[in-house]
Amino acid sequence: MALHLALAVAALAASIVLFFSAVGRALAVIGLVASGLEVAMALGAIQLHLAGVPLGLVLGLALALPGLVAWLRATSKAAVSAAAILALAGILQVVVAVRGRF
């Protein structure tokens, strides 16, 4: 299993846990859609391209920002852990996307 696929699956599992916790469903849905797209792209099921903006940066921000906000709002152990995993996966993806641009 490639590292990209492992991070995408971890983000998908974390966003599912956040969706079923009482932290905030809107944040979890954003993370769920972004991580679902990541898993589908990592498995080669779909190919997406954006003109002018790296897709890794967009999807990374769609994972990192809801993850950070959910982490700040979470009170249960499961929600805090899931939000931290979601935010970490997104931040790593943003760092990789930004470093490739400089």
Could you give all pairs that pass the side chain to side chain donor-acceptor pair (under 3.5 Å) test and reach residues 51-69, with sequence neighbours left out?
none

Between [X] and [Y], is there a shared hydrophobic cluster once you connect ILVMFWY residues whose side-chain heavy atoms come closer than 4.5 Å?
X: M41; Y: V58; value: yes
X: L3; Y: I85; value: no
X: V53; Y: I30; value: no

I need the minimum non-hydrogen distance between A34 and L63, along with the two atoms involved.
CB-CD2, 3.8 Å

If you look at every heavy atom in G67 and A87, which pair is closest and at what distance?
C-CB, 3.9 Å

Contacts under 3.5 angstrom, residues 5-20 side chains, donor-acceptor by atom type, not counting sequence neighbours:
{"unit_1": "S15", "atom_1": "OG", "unit_2": "A11", "atom_2": "O", "d": "3.1"}
{"unit_1": "S15", "atom_1": "OG", "unit_2": "L12", "atom_2": "O", "d": "2.9"}
{"unit_1": "S15", "atom_1": "OG", "unit_2": "S35", "atom_2": "OG", "d": "3.2"}

Distance, nearest 0.5 Å, that separates NE2 of H4 from CG of L43:
9.5 Å

Sequence neighbours excluded, which residues qualify as side chain to side chain contact (heavy atoms under 4.5 Å, CB included) partners of A64?
I91

Output all residues satisfying side-chain hydrogen bond (donor to acceptor under 3.5 Å, both in side chains) with Q93, sequence neighbours left out; order by chain, then residue number.
E38

If the test is side chain to side chain contact (heavy atoms under 4.5 Å, CB included), which one of V80, L27, L68 qualifies with R73?
L27

